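Computed from a predicted model, the values in this text were never measured in an experiment.
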Amino acid sequence: MSAGGCVELRVVNDRLCTNRRGAAEYLNRSLETINRVASPKHRPTTGWREPVDVVDGQEWYALEDLDVFNASYFQVKWTARMARVHQVSLEGDPDELINAKEFRTLIRVTHGAWSKYVEKSVPAWEEDRDGYLIKPDLEEPGRRGIIRSWKRHRVESWINNRTGSASSTGRPKQDAQPDAGG
């Protein structure tokens with residue numbers, strides 16, 4: 001039998017169960033992810049429950065066990081990723097200006113990623129509002145484009161109030177123009 005035509009369901013040992021492909025669909029994850037977290041090697045660290053049974057060469061997992069796993073593993077990871085994990089205290093005059101290179105270094109992004117941040121922010125900055133990055137406090141013409149600077153206290157506040165994690169900051173993955181926002 002199937003639910004919504006995709007998830008294969010069976011009653012195994014009086015429990016409503018699905019296989020790994022069904023678990024991927026049910027939990028809205030890739031089959032690759034489910035195969036990794038459900039592998040016997042990773043079960044002790046991920047908390048993936050043992051199968052209810054093996055039928056027709058497939059492991060079958062109770063839907064209620066999948067719900068528990070989702071709450072204890074995927075939701076916990078998502079919450080941790082979204083936690084405010086960036087805490088800096090910038091020494092010095094709070095109104096002193098920080099240039100783009102200093103700002104980029106503080107948030108630990110490559111020049112290419114910074115350029116993409118700037119590119120995505122410019123339309124909002126032109127409307128006098130913050131974009132992907134906070135609006136610069138000063139913009140001046142430079143040899144290779146616009147030189148942008150931000151007040152130290154605004155940079156500190158922005159860093160400390162953004163979401164993300166050290167392992168996944170949500171940085172743009174495309175290559176940026178070499179001199180954008182430098």
Side-chain angles (χ1 to χ4, degrees), residues 1-89 103-121 123-124 129-134 155-177 180:
M1 101 178 130
S2 66
C6 296
V7 177
E8 186 176 349
L9 300 173
R10 289 188 182 181
V11 175
V12 180
N13 296 338
D14 295 324
R15 298 178 77 191
L16 189 57
C17 298
T18 191
N19 56 15
R20 285 192 185 183
R21 186 171 304 283
E25 184 76 25
Y26 184 76
L27 296 173
N28 197 27
R29 304 288 172 185
S30 70
L31 181 57
E32 179 181 296
T33 296
I34 296 304
N35 283 337
R36 182 177 43 81
V37 298
S39 72
K41 176 182 175 183
H42 290 109
R43 284 180 193 159
T45 56
T46 64
W48 186 268
R49 303 270 179 102
E50 293 294 321
V52 171
D53 203 352
V54 177
V55 179
D56 298 332
Q58 295 185 68
E59 295 177 338
W60 291 86
Y61 304 96
L63 294 185
E64 67 249 15
D65 290 347
L66 295 177
D67 290 335
V68 168
F69 179 79
N70 188 45
S72 66
Y73 185 78
F74 288 130
Q75 294 300 320
V76 167
K77 280 190 161 291
W78 181 83
T79 301
R81 235 185 348 264
M82 297 309 294
R84 297 190 190 288
V85 296
H86 309 281
Q87 290 298 313
V88 298
S89 178
F103 194 162
R104 175 171 63 84
T105 301
L106 286 167
I107 62 173
R108 298 182 186 134
V109 297
T110 64
H111 181 76
W114 175 264
S115 297
K116 192 54 99 171
Y117 284 6
V118 169
E119 180 184 315
K120 289 182 171 204
S121 296
R129 59 186 177 86
D130 292 341
Y132 204 76
L133 295 168
I134 55 174
V155 170
E156 180 179 318
S157 177
W158 181 82
I159 291 171
N160 291 338
N161 288 300
R162 70 186 182 133
T163 59
S165 71
S167 63
S168 176
T169 60
R171 296 180 198 146
K173 291 181 177 30
Q174 302 91 346
D175 291 326
Q177 302 302 319

**Study point:** Audit row: N35, R20, side-chain contact (heavy atoms from CB on, under 4.5 Å) steps and yes/no
**Key:** CA-CA 7 Å; N35 283 337; R20 285 192 185 183; 3.1 Å; yes
Heavy-atom closest pair, residues [X] and [Y]:
X: Y26; Y: D67; answer: OH-OD1, 2.8 Å
X: S72; Y: V76; answer: O-CG2, 3.4 Å
X: S121; Y: L133; answer: OG-N, 2.7 Å
X: A124; Y: G131; answer: CB-CA, 3.5 Å
X: Q75; Y: A71; answer: CB-O, 3.7 Å

Enumerate donor-acceptor pairs with a distance under 3.5 Å from any side-chain N or O in residues 48-55 to protein atoms, sequence neighbours excluded.
from : atom 1 : to  : atom 2 : distance (Å)
R49  : NH1    : D65 : OD1    : 2.9
E50  : OE1    : R43 : NH1    : 3.0

Point to revise | More than 12 heavy atoms of other groups within 6.0 Å of N13 CG | key: yes
Point to revise | Within 6.0 Å of CZ in R21, more than 12 heavy atoms from elsewhere | key: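 Count not over threshold, so no.
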To the nearest 0.5 Å, tell me how far [X] [atom1] sits from [Y] [atom2].
X: I159; Y: I134; atom1: CD1; atom2: CD1; value: 8.0 Å
X: R36; Y: S30; atom1: CZ; atom2: OG; value: 8.0 Å
X: L63; Y: N70; atom1: CG; atom2: CG; value: 12.0 Å
X: L9; Y: T18; atom1: CG; atom2: OG1; value: 5.5 Å

Review point. Sequence neighbours excluded, which residues qualify as side-chain hydrogen bond (donor to acceptor under 3.5 Å, both in side chains) partners of T105?
Key: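 None.
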**Study point:** Aromatic ring pairing Y117/W114, orientation class (parallel under 30°, perpendicular over 60°, tilted between)
**Key:**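 Tilted.
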Check your understanding: Quick one: are the ring centres of F103 and W158 less than 6.0 Å apart?
Key ->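 Yes; W158 has its ring centre under 6.0 Å from that of F103.
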Exercise for review: Indicate yes or no: at least one non-hydrogen side-chain atom of R10 is less than 4.5 angstrom from one of D56.
Suggested key: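 They are in side-chain contact.
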Review point. Hey, mind stepping through L27 and F74 against side-chain contact (heavy atoms from CB on, under 4.5 Å) and telling me if it holds?
Key: CA-CA 9 Å; L27 296 173; F74 288 130; 4.1 Å; yes
**Study point:** Any donor-acceptor N or O pair under 3.5 Å, side chains T45, H42
**Key:** no
Check your understanding: Taking it one step at a time, do H111 and R104 satisfy side-chain contact (heavy atoms from CB on, under 4.5 Å)?
Key -> CA-CA 7 Å; H111 181 76; R104 175 171 63 84; 4.0 Å; yes
Practice item. Might you work through the side-chain contact (heavy atoms from CB on, under 4.5 Å) test for W60 and E8, ending with a clear yes or no? Key: CA-CA 10 Å; W60 291 86; E8 186 176 349; 3.7 Å; yes
